[in-house]
Structure formats: structure tokens, C-alpha cells
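Every chain is numbered from 1 and lettered A, B, ... according to where its sequence line falls, protein lines coming before strand lines.
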Amino acid sequence: MKKFLDLISDEVKKGFGLAGYEEELGRVTVSNRPDLCEYQCNGAMAGAKKYHKAPLLIAQDVAQKLSDSQVFEEVSAVAPGFLNLKLQRSFVRAYVESMAQTEKFGLEAPEAVQNIVVDYGGPNVAKPLHVGHLRSAAIGESIKRICRYCGHQVTGDVHLGDWGLQMGLIITELKLRKPELPYFDEAYEGDYPAEAPFTMAELEEIYPAASARSKTDAAYKQEAMEAVVKIQKGVRGYHALWKHIMDISLPDVKKNYADLDVEFDLWKGESDAGPLIPEVVELLEKSGLTYESEGALVVDVKEETDTKEIPPCIILKSDGAALYATTDLATIKDRMDSLQADSLIYLADKRQEMHFLQVFRVARKAGIVSPETKMKHIGFGTMNGKDGKPFKTREGGVMRLEYLIRDVNEEMYRKIMESRHEISEEEARRTAKTIGLAAIKYGDLSNQAGKDYIFDVDRFTSFEGDTGPYILYTIVRIKSILGKYQEQGGGLEGLAFKDAQNAPEKELMMKLCGFNEMMEGAFAETAPHRICAYLYDLANAFNKFYHETKILTEEDADKKAGWIALLVLTRNVLETCIDLLGFSAPERM
RNA sequence: GUUUCCGUAGCUCAGCAGGAUAGAGCGUCCGCCUCCUAAGCGGAAGGCCAGCGGUUCGAAUCCGCUCGGGAACGCCA
């Protein structure tokens with residue numbers, strides 16, 4: 001069904017047409033002066049030059065044509081040439097009613113369904129997820145849900161970092177510590193043990209140690225890089241160790257994502273692209289794009305319109321090993337071949353912009369993707385602590401994601417117990433987890449993805465202001481009323497809406513009417529923060545209405561039913577929105 | 001150095017296909033529970049939208065320059 005603003009614009013456009021002006025001038029926007037009007041049109045001022053006429057006169061002409069409109073209760077032309085619009089209550093009611101009766105509140109299906117792959121820019125295995133991984137998980141999950149809701153076919157791929165230098169480092173460190181293991185004996189031909197020669201805890205210690213050492217010990221780093229080549233070439237012992245590392249780390253990674261309510265359709269990684277690398281390298285060589293430079297195989301990607309130096313994309317290092325760009329190209333090939341992707345969306349730190357620019361250009365030039373395939377890197381900013389510097393533990397170390405979640409849940413639990421004494425321990429724990437997740441995700445998503453932001457636990461877990469808990473509280477309030485209404489014997493289905501009885505009710509209705517507009521914007525801009533802003537507005541509008549209107553004690557049954565219908569719709573829209581952000585509301589809190 | 005992103009209230013952030021008095025939240029101050037969750041609602045104070053120019057009837061928004069901050073610039077991912 002048509003978007004609300006488009007319906008209103010159509011009416012005003014008609015007015016411009018009738019008055020003898022270009023219809024396109026009739027575009028309507030939400031008023032930025034709510035004290036004067038609900039919606040506004042600035043077209044008269046834009047048209048003044050073209051028609052050599054004072055804008056106010058144009059506005060007056062149009063207002064006159066719209067004076068008996070069924071859409072507007074009031075249209076006034078105001079200096080210097082604004083058209084101030086106030087809607088008929090019945091028009092608003094009718095739209096809200098049709099939203100309630102239509103699937104997805106009347107959001108229109110896309111003209112063409114796209115096959116979208118969302119790459120969450122996966123974490124490296126063998127080390128625990130840290131707070132930095134929250135961003136790609138939260139944003140990626142929301143974008144996946146938004147695309148799906150808008151009617152597209154979406155595949156989410158965690159895309160683990162399981163093929164790079166970190167794996168070589170771990171194996172090299174292991175060799176140093178336990179050289180006697182059969183994996184390092186080239187003459188060994190028997191089966192390797194089923195059990196890994198290390199635990200997750202050891203793994204967590206091995207990697208940082210290896211990483212630190214590689215920075216000072218050149219020979220050690222050299223060996224690690226050779227180990228990478230060995231893994232990639234499938235040398236038995238090395239591959240077996242790699243498999244062990246995977247088997248040990250994966251359950252831990254899965255648990256972390258499960259705690260965040262983040263789900264993947266594919267648990268692929270860079271290693272899955274490994275077997276495709278020779279093919280892709282050959283394809284690039286045949287295309288004539290590659291050449292040798294300083295011992296490495298590269299592809300030029302600079303273009304004439306570039307304002308900065310774009311270095312060539314390295315396909316194979318001078319030692320013959322593949323790297324980040326190569327596996328990403330192979331992955332793109334895989335996604336084109338097996339998923340017929342129309343659109344590829346990557347979540348990764350914004351500092352990786354150059355990498356994606358290079359990879360996308362190579363993919364385009366080499367014909368790995370078709371000319372129509374969209375490729376987009378959503379670069380997100382850093383998550384900082386209250387001091388404005390990258391988020392750390394109190395001791396200054398890297399904060400584990402697991403601990404962050406635990407701390408937030410703990411804080412939430414404490415607050416619940418403080419104010420709701422009658423609640424059971426078990427319910428409090430469960431509710432704390434639900435609200436905690438909302439606090440974390442809303443806190444993250446309400447910021448524009450591309451900007452750095454300050455992760456302030458106190459602020460995010462607050463029940464006041466623009467926070468996840470405030471949104472949940474609003475939903476819970478509605479649920480509580482609806483529950484009581486049902487206890488009184490009322491049904492929630494098929495209730496008739498009534499024209500708004502008071503200003504806050506009309507405000508609430510108009511806010512609901514903006515859902516489709518907002519949704520299309522959030523999808524077009526792949527911007528979850530647009531949903532957050534809308535949610536907050538809607539929650540505010542509801543709370544004002546709630547304060548103004550005593551619903552359950554209303555004597556007039558029709559009025560009461562109309563309000564209940566409005567509450568049901570409001571709850572549904574709110575819950576749809578939080579689902580798109582990747583969290584949910586409890587029954588009570 | 002080059003390129004790029006950013007600079008909005010004390011703090012954290014919206015707004016940016018140009019429009020009327022620049023918005024929220026937190027914090028501060030003042031009101032509102034015999035009534036559906038006060039985890040709420042209303043109100044007050046707080047701004048030369050970094051600075052200077054330009055385009056325009058009109059600029060936080062578009063274009064230059066300056067200052068201040070972050071980031072990226074070939075074998076890490």
C-alpha cells in the first residue's frame with residue numbers, strides 16, 4: 001500500500017496541478033514546526049522563480065484549491081510561502097486501520113527480489129571474541145533482518161577468519177613448545193590423535209604469546225608464514241592441527257553468538273575459499289590483469305577519477321602465499337556461483353575501506369561479478385570507553401565480549417531486584433538477560449554505524465532516555481494493559497479504530513503512519529539507527545498518549561475498543577522494530 | 001606528506017536530496033501518583049551548529065580556505 005507521505009503529497013500535487021503549476025512541487029514533509037502544523041510543503045518557494053510570482057501567492061492559489069480536500073482539515077499559506085497542513089482525523093484513522101489489516105503494515109514488496117549475502121566479517125578463531133566483534137554482529141544481524149523484512153532473499157555468513165597468519169602463529173608456537181608431537185614429524189604416516197593437544201584455555205594463551213613474539217623475532221615470524229603456506233597446501237600434520245584448532249574454538253564462538261541472538265545461515269570461513277584460490281588466480285592471470293611487482297603477483301586497480309593513490313591489489317605474496325584479498329575474491333566467486341548473489345554486503349571496521357575498494361575493483365574488472373552486482377562495505381567505527389579511547393578492561397586489557405555481556409546482565413539484574421521485589425530469582429535473571437541484550441544492541445545500533453561511539457554501560461542500561469530498556473518498558477506497559485483488557489473479557493481481534501479523541505492520540509497515529517517511510521529509508525541506507533530513532537519517537541508518542549488517556553476505566557465501549565485497537569497496532573509495530581534490531585521484549589519487567 | 005571522515009548544549013548524540021524559533025537524552029532546577037507499571041509525564045535553564053569566505057530569496061545542511069581531532073596509504077587481517 002502507498003506510503004502515507006506519498007498519499008498526502010499526491011493530494012498537494014493535485015492542488016498544484018489544479019492551480020496551474022508543476023505537480024512535482026507538491027512534495028510534503030513532516031513539519032519542523034509542530035506548533036504550527038502537522039505537515040508542510042515548501043514547493044511554492046521552489047516554484048517562485050520559474051513562475052515569476054511571489055511564493056506566497058502561489059501557496060495561496062494551491063491552498064484555495066485544497067480547501068475542500070477530504071485529506072486536510074486545514075491548509076494555510078503562510079509567509080514567505082509555506083503551505084501548512086493539518087490532516088483530517090478520519091483520513092489518519094483510515095490509514096492506521098488499513099495498516100492494522102495489512103501484512104507488514106502495508107509495506108510494499110520490492111519490485112525485484114534481490115539475492116543478498118551479508119558477510120559479518122567474521123572473527124578470527126582461536127581467540128575469544130572481544131568487544132570489537134559486537135559491532136559487526138549487532139549491525140550485521142540487524143541489516144540481515146531489515147533486508148529480509150523488506151522482502152529480499154538474504155544469506156548471512158559468519159565468514160570466520162580461519163585461514164590467515166594467526167593459524168600459522170599458533171602452530172609455530174606449538175611446535176616450539178611441543179616439538180615431539182607427531183604433527184611435526186614429516187616421516188609420520190599413522191593416524192593423528194582424535195583429541196587436540198591443547199585446550200581452549202591454552203589456545204587463548206598461545207595466540208597472544210605467539211603474536212607478541214612474532215613482532216620481535218623475525219625468524220619466528222618467517223616460520224609462521226611458512227606454516228600458513230603449509231596449511232594452505234594441505235601438508236598433513238599442519239592441516240590436522242588446523243582442524244584441531246577449529247574444533248576447539250568453534251563451540252566457543254557459537255556460544256558467544258547465540259548469547260547475542262545472532263544467527264548465521266552459513267558458517268563458512270576463509271578456509272572454504274582456500275580450494276578455490278588456484279582457480280581464481282588462474283582466472284586473473286588469464287584475464288591479463290595480473291603482473292609481477294617486487295616479487296608479488298598484483299592487479300592494478302587505480303582509476304583516472306581517483307583523488308588518491310590506490311596501490312595495486314596483491315593477489316599472491318612474494319613467497320607464493322595467498323592473503324586476505326585473495327580469499328575474499330575466491331569467496332566472491334563462490335557466492336556468485338553457488339548463491340547467484342545480486343548484492344554483497346560486508347561488515348568490517350571502516351579502516352578496511354582500502355581493502356574492499358581493491359577487492360571490489362578486481363572482482364569487477366576480472367568479471368568475477370557481473371556489472372550489475374552490488375558490492376558494499378559497511379565500515380563501522382570503533383567502540384570506545386568513557387574516556388574516548390578504545391574500550392578496555394579496568395586493567396587495560398582487551399575486554400572479552402562474554403564478560404561485557406555478563407557485566408551488563410549483572411547490572412540489569414541488580415536494578416530489577418532493587419525496584420521489583422516480588423519477582424522470582426529465576427524470572428529476574430531471565431528478564432535481566434532480555435533487557436541486557438536490548439541495552440547493548442540498542443546502545444550500539446542507535447549510533448550511526450560509521451562513527452566511533454562511546455560504550456557507556458551506565459547510560460545504556462538506564463531505563464531513562466533514549467535507551468533499549470526504555471523502549472522495552474513502553475512495550476511492557478502496553479502488554480500489561482492488553483492483558484488486563486483480556487482478563488476483563490475483551491478480545492483483541494477485529495476491533496474498529498475510531499477518530500483520534502485528543503491531540504496525543506492523533507500524534508501517536510501519525511507516528512505509526514510513518515512506519516513504511518522509515519522502513520524504506522532504513523533499507524535504502526542500510527541504517528539500523530533510523531529504526532532506533534523511529535522507535536524512540538513512537539515510544540514517546542505512546543507514553544504521552546498513555547498519560548493523557550485512561551483506557552481501561554473508559555465507560556464508552558466503542559471508544560475503549562478503538563484505543564485497544566490502537567494499542568495492539570502500536571505494540572505490533574514496536575515489536576516488529578525491536579525484532580529488526582535483533583532483540584525482544586519480556587512480558588513484564 | 002597525500003587522501004579521507006569528523007568538529008552541533010557541560011556530557012553523549014540526532015538533524016544534512018537548503019526552508020519558518022537548530023532537536024533529543026543525561027546532568028541541573030521546578031511541578032505531577034485516591035487512577036492501566038512514576039523504569040513515566042509536563043515545564044525551566046543551557047547554542048555565533050569550530051572559524052572565515054562563497055552560491056542562494058534563504059545555509060548546521062552545498063562549495064572553497066583555515067584551525068583542531070581520528071583513520072588509511074604494497075606483501076597483517
Side-chain angles (χ1 to χ4, degrees), chain A residues 27 29 31-33 35-37 40 42 45-46 48-49 54-55 78-82 84 121 124 161 163-166 169 211 214 221 225 270 293-298 306-319 321 323-325 327-328 348-355 357-358 379 381-382 386 388 415-416 418-420 435 443 446-448 450-454 456 458-460 462-467 469-470 472-474 476-485 504 529-530 532-533 536-537 540 543-554 563 567 588-589:
Chain A
R27 199 170 57 86
T29 56
S31 168
N32 53 17
R33 286 293 303 274
D35 52 319
L36 300 177
C37 59
Q40 65 181 355
N42 305 334
M45 289 179 289
K49 195 165 253 174
V78 168
F82 293 102
N84 286 351
N124 288 338
W163 203 233
L165 184 61
Q166 86 274 12
L169 283 168
S211 178
S214 74
K221 187 174 182 184
M225 292 200 287
E270 293 171 346
S293 165
E294 296 170 38
L297 191 69
V298 306
D306 288 336
T307 51
K308 63 176 169 183
E309 194 61 34
I310 310 287
C313 181
I314 300 179
I315 305 299
L316 292 178
K317 297 197 291 183
S318 40
D319 68 359
L323 31 65
Y324 193 21
T327 51
D328 262 354
D349 192 296
K350 66 181 173 191
R351 281 172 289 197
Q352 295 185 27
E353 205 174 2
M354 179 67 88
H355 162 75
L357 181 70
Q358 292 180 313
T382 312
K386 267 183 170 176
K415 285 189 178 176
I416 291 169
E418 231 169 46
S419 54
R420 294 271 179 273
I435 307 177
S446 55
N447 293 285
Q448 283 185 45
K451 286 191 172 182
D452 293 351
Y453 81 110
I454 293 185
D456 181 339
D458 294 334
R459 186 161 72 85
F460 292 173
S462 169
F463 286 84
E464 291 163 39
D466 189 7
T467 68
Y470 170 77
L472 296 193
Y473 172 69
T474 306
V476 166
R477 264 181 153 179
I478 299 177
K479 285 183 172 182
S480 170
I481 299 173
L482 294 178
K484 289 198 163 73
Y485 182 75
H529 86 276
R530 294 274 299 259
C532 292
Y536 184 59
D537 270 359
N540 269 326
N543 280 321
K544 266 174 205 152
F545 164 70
Y546 171 91
H547 189 255
E548 199 81 10
T549 321
K550 290 289 160 259
I551 298 160
L552 291 175
T553 51
E554 175 59 46
W563 284 330
L567 257 59
R588 56 178 198 152
M589 58 193 270

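- Ring-plane geometry between A:Tyr453 and A:Phe460 is classed as parallel, the angle between the planes falling under 30 degrees on a 0 to 90 degree scale with a further cut at 60.
- Nucleotide B:A77 holds its C1' atom 14 Å from the CE atom of A:Met225, rounded to whole Å.
- Distance from the side chain of A:Lys308 is smallest for B:U3 among the nucleotides B:G40, B:A39, B:U3.
- Within 4.0 Å (heavy atoms only), A:Lys484 reaches sugar-phosphate atoms of the nucleic acid but no base atom.
- Regarding A:Tyr453, its OH atom lies at a distance of 17 Å from the C1' atom of B:G25, rounded to whole Å.
- For the pair A:Lys308 and A:Asp306, the salt-bridge criterion is not met [side-chain N within less than 4.0 Å of a carboxylate O].
- Closest to the A:Lys544 side chain, of the nucleotides B:C41, B:A20, B:C76, is B:C41.
- When distances are taken from the side chain of A:Ser480 to each of B:C36, B:G19, B:C16, the shortest belongs to B:C36.
- Nucleotides B:G7 and B:C62 are separated by 11 Å at their P atoms, to the nearest Å.
- A stacking contact between A:Tyr546 and B:G40 is absent: the pair does not combine a ring-centre distance of less than 5.5 Å to the base's six-membered ring with planes differing by less than 30°.
- Nearest to the side-chain atoms of A:Gln352 among the listed nucleotides B:A77, B:U37, B:G19 stands B:A77.
- B:G1 is paired with B:C73 under the Watson-Crick or G-U wobble criterion, all donor-acceptor distances under 3.5 Å.
- At the heavy-atom level, A:Asp466 lies under 4.0 Å from the strands shown only through sugar-phosphate atoms.
- Among the heavy atoms of the strands lying under 4.0 Å from A:Thr307 are primed sugar atoms or P, OP1, OP2 only; no base atom is included.
- Among the atoms of the strands shown, only primed sugar atoms or phosphate atoms (P, OP1, OP2) are found under 4.0 Å from some heavy atom of A:Glu464.
- One P atom belongs to B:G47, the other to B:G10, and the distance between them is 7 Å to the nearest Å.
- As rounded to the nearest Å, B:C32 and B:C67 have C1' atoms that lie 48 Å from one another.
- Pair assignment for B:C67 gives B:G7, based on Watson-Crick or G-U wobble hydrogen-bonding distances that are each under 3.5 Å.
- Within 4.0 Å (heavy atoms only), A:Cys37 reaches at least one base atom of the nucleic acid.
- Within 4.0 Å (heavy atoms only), A:Ile314 reaches at least one base atom of the nucleic acid.
- A:Lys451 comes within 4.0 angstrom of sugar-phosphate atoms only, judged by non-hydrogen atoms across all strands, and of no base.
- OP1 or OP2 of B:C41 has at least one side-chain nitrogen or oxygen of A:Asn540 nearer than 4.0 Å.
- Atom P of nucleotide B:U3 and atom CD1 of A:Ile310 are separated by 12 Å, given to the nearest angstrom.
- The side chain of A:Val298 lies closest to B:G74 when the candidates are B:U12, B:A39, B:G74.
- Interface remark: the A:Asp537 side chain does not form any donor-acceptor pair with the B:A14 base, using a distance-only criterion of under 3.5 Å.
- B:U12 and B:G46: their C1' atoms are spaced 15 Å apart (whole Å).
- Between the P atom of B:A24 and the CG atom of A:Asn32 lies a distance of 13 Å, rounded to the nearest Å.
- Base contact: A:Ala46 has a heavy atom under 4.0 Å from a base atom.
- The gap from the C1' atom of B:A50 to that of B:G27 amounts to 24 Å, rounded to the nearest Å.
- One finds no side-chain N or O of A:Gln358 lying less than 4.0 angstrom from the OP1 or OP2 phosphate oxygen of B:G74.
- In this structure, B:U28 and B:A44 make a Watson-Crick or G-U wobble pair, each of the two defining distances being under 3.5 angstrom.
- Distance noted for atom P between B:U55 and B:A60: 16 Å (whole Å).
- Atom CD of A:Gln166 and atom P of B:C76 are 13 Å apart (whole Å).
- As rounded to the nearest Å, B:G31 and B:A38 have C1' atoms that lie 13 Å from one another.
- The separation of B:C49 from B:C36, taken at their C1' atoms, amounts to 42 Å, rounded to a whole angstrom.
- Judged by Watson-Crick or G-U wobble contacts below 3.5 Å, the nucleotide B:U61 has no partner.
- Between the side chain of A:Ser293 and the base of B:G74 there is at least one donor-acceptor pair of N/O atoms closer than 3.5 Å.
- Atoms CZ (A:Phe545) and P (B:C41) sit 14 Å apart, rounded to a whole Å.
- Using a 4.0 Å heavy-atom cutoff across all strands shown, A:Leu323 reaches sugar-phosphate atoms only and no base atom.
- Applying the 3.5 Å distance criterion, the base of B:A20 shares a donor-acceptor pair with the side chain of A:Gln40.
- In this structure B:A20 sits in no base pair that meets the Watson-Crick or G-U test at under 3.5 Å.
- Look at B:A39: it lacks any Watson-Crick or wobble partner with both distances under 3.5 angstrom.
- Side-chain atoms of A:Ile416 lie closest to B:A39 of the nucleotides B:A14, B:A39, B:C41.
- If you check the side chains of A:Asn543 and A:Arg477, you find a donor sitting under 3.5 Å from an acceptor.
- B:C33 makes up no base pair with any nucleotide shown, lacking Watson-Crick or G-U wobble contacts both under 3.5 Å.
- For the pair A:Asp452 and A:Lys350, the salt-bridge criterion is met [side-chain N within less than 4.0 Å of a carboxylate O].
- In the set B:C57, B:G7, B:A20, the nucleotide with an atom closest to the side chain of A:Lys49 is B:C57.
- Taking atom CG of A:Asp35 as the reference point, atom C1' of B:G23 lies 13 Å away to the nearest angstrom.
- For the atom pair A:Leu169 CG and A:Lys221 NZ, the distance stands at 8.5 Å (nearest 0.5 Å).
- A straight line from CD of A:Glu353 to P of B:A72 spans 11 Å, rounded to a whole angstrom.
- Among the protein residues, A:Asp328 comes within range of no part of the nucleic acid, since none of its heavy atoms lies under 4.0 Å from any strand.
- Across all strands, A:Thr549 comes closer than 4.0 Å to base atoms (heavy-atom distances).
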